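Worth knowing before you read on, the calculation uses all heavy atoms, side chains too, and leaves out hydrogens, waters and symmetry mates. Please read all numbers here as calculations on a predicted model, not as lab measurements. In listed order, ligands and their atoms are each counted from 1.
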Amino acid sequence: MNIILLGPPGAGKGTQAKRLVDERGMIQLSTGDMLREARTSGTDMGKKVAAVMDAGNLVTDEIVIGLIEEKLEGDNGGGFIFDGFPRTLAQADALGELLASHGATLDRVVEMQVDDDALVARITGRFTCGNCGEVYHDVTRPLPADGKCVNCGSTDMKRRADDNEESLRTRLMAYYKQTSPLIGYYYAKGNLQSVDGLASIDEVAHSIAEVLG
Ligand code: ADP
Ligand code: ADP
Ligand code: ZN
């Protein structure tokens with residue numbers, strides 16, 4: 001089963017994608033993670049997109065479609081979870097064509113609904129394990145008392161340069177202008193399902209499990 005997790009920055013896409021990877025053996029394809037990796041490894045593409053990402057704007061369709069195209073060549077395990085992709089109508093069309101060319105289908109699009117007011121708190125409290133990428137939050141998902149990652153035991157935690165209020169405003173605007181039209185696009189295609197992203201992490205996981213069947 002191939003699915004998209006759709007929602008604004010901070011909706012909980014990465015958090016839920018990681019659970020689906022653990023519970024169902026699915027493969028998470030996060031274009032945000034791929035772009036950050038390209039930056040850390042200092043590739044030309046990484047250098048090119050750094051300033052765009054820090055400001056909170058979208059990088060070009062060509063770049064992200066290229067990244068996804070490469071990954072679709074690999075093993076699909078228990079299915080792909082598209083996390084943070086597609087973000088534009090052009091990306092959505094490209095994904096449909098790429099899947100079709102692999103004889104694959106897009107089975108569900110899960111829209112994670114959250115209030116904008118909740119997103120500032122979500123984003124400004126976010127940090128991740130520098131070793132394994134596990135997602136934490138200062139208030140809603142803190143580290144255990146020993147300060148070690150629950151997944152890998154590392155104490156090396158990171159915060160993203162773009163997880164500040166100013167960049168979030170630009171990212172939210174990009175979401176409403178460029179990404180939210182995808183809700184109507186997938187509704188019309190008949191595979192949109194919505195879940196309440198404001199519920200607890202466990203409750204959201206439960207709603208997603210129901211939608212996926
Ligand atoms: P968040 O988890 O906050 O939604 P991501 O990690 O998915 O953010 O993305 C971080 C940044 O990477 C975005 O603000 C954008 O600059 C870039 N990016 C990620 N995915 C895409 C995409 N599909 N199209 C264009 N830009 C993207
Ligand atoms: P996205 O990938 O959509 O940008 P994340 O999964 O990174 O979102 O979540 C953003 C922040 O909110 C993280 O700090 C995460 O720990 C926290 N978070 C995710 N889901 C929930 C939830 N259901 N309730 C409370 N906090 C959450
Ligand atoms: Zn870890």
Side-chain angles (χ1 to χ4, degrees), residues 4-19 28-39 46 48-68 81-92 94-95 110-114 118-144 147-164 167-175 178-179 182 195-208:
I4 293 174
L5 295 181
L6 184 62
K13 303 179 297 291
T15 299
Q16 297 299 331
K18 291 211 155 41
R19 282 185 69 136
Q28 177 187 10
L29 297 184
S30 157
T31 41
D33 286 350
M34 293 174 208
L35 291 165
R36 278 185 290 278
E37 223 174 275
R39 290 179 63 166
K48 201 166 131 190
V49 300
V52 176
M53 291 176 74
D54 287 345
N57 293 309
L58 295 188
V59 310
T60 63
D61 289 336
E62 193 188 353
I63 288 178
V64 289
I65 292 167
L67 288 169
I68 288 288
I81 306 162
F82 298 97
D83 161 13
F85 178 93
R87 264 172 152 98
T88 64
L89 290 166
Q91 291 177 24
L95 177 62
V110 182
E111 183 209 353
M112 303 179 65
Q113 295 180 327
V114 286
L119 297 177
V120 178
R122 289 262 182 108
I123 289 289
T124 54
R126 169 160 67 183
F127 63 99
T128 54
C129 172
N131 181 51
C132 75
E134 189 73 16
V135 188
Y136 294 95
H137 189 278
D138 293 325
V139 177
T140 62
R141 192 162 190 265
L143 285 171
K148 290 184 179 164
C149 174
V150 292
N151 188 44
C152 74
S154 170
T155 54
D156 168 29
M157 298 296 148
K158 289 201 298 208
R159 283 183 201 262
R160 281 167 46 177
D162 59 342
D163 275 351
N164 58 70
S167 162
L168 175 63
R169 297 216 177 280
T170 312
R171 283 149 73 195
L172 256 187
M173 193 55 81
Y175 178 78
Q178 294 167 277
T179 308
L182 299 188
V195 299
D196 174 14
L198 286 175
S200 71
I201 294 175
D202 283 345
E203 284 165 335
V204 177
H206 186 79
S207 314
I208 294 177

Inset, instruction - Work out how many protein N, O or S atoms lie closer to the Zn ion (ligand 3) than 2.8 Å. - result: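 Near the Zn ion (ligand 3), the number of protein N, O or S atoms below 2.8 Å is 4.
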Is there a nitrogen or oxygen of [X] sitting under 3.5 Å from a nitrogen or oxygen of ligand 2?
X	value
I123	no
D83	no
G14	yes
R141	no

request  = Check each of A11, G84, G10 against atom 4 (O) of ligand 2 and report the one with the nearest heavy atom.
outcome  =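 The nearest heavy atom belongs to G10.
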Option whose closest heavy atom lies nearest to atom 18 (N) of ligand 2, chosen from R122, R160, E134: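 Heavy atom nearest to atom 18 (N) of ligand 2 belongs to R122.
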Which residue and heavy atom of the protein sit nearest [atom], plus the separation:
atom	answer
atom 7 (O) of ligand 1	R87 NH1, 3.0 Å
atom 20 (N) of ligand 1	T31 OG1, 2.8 Å
atom 26 (N) of ligand 1	V59 N, 3.2 Å
atom 12 (O) of ligand 1	M53 CE, 3.4 Å
atom 14 (O) of ligand 1	R171 CG, 3.8 Å
atom 24 (N) of ligand 1	Q91 NE2, 3.0 Å

Spacing of T31 atom OG1 and E37 atom CD [to the nearest 0.5 Å] =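 Rounded to the nearest 0.5 Å, the OG1-CD separation comes out at 12.0 Å.
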Which is it for T15 and ligand 2 at heavy atoms under 4.0 Å: side chain, backbone, both or neither?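 Both the backbone and the side chain of T15 come within reach of ligand 2.
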Under 4.0 Å from a heavy atom of [X]: which atoms of ligand 1 are those, numbered in the order shown and with their elements?
X	result
P9	3 (O), 4 (O)
N57	15 (C), 16 (O)
L35	12 (O), 17 (C), 18 (N), 19 (C), 27 (C)

Q) Would R39 count as a contact of ligand 1 if the rule is a heavy atom under 4.0 Å away? A)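 Checking ligand 1 against R39, which is what was asked, there is no heavy-atom contact under 4.0 Å.
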Hey, is A199 one of the residues with a heavy atom under 4.0 angstrom from ligand 2?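 The answer is yes, since A199 has a heavy atom less than 4.0 Å from ligand 2.
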Between K18 and D83, does any side-chain N to carboxylate O distance fall below 4.0 Å?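 Salt bridge flag = no for D83 with K18.
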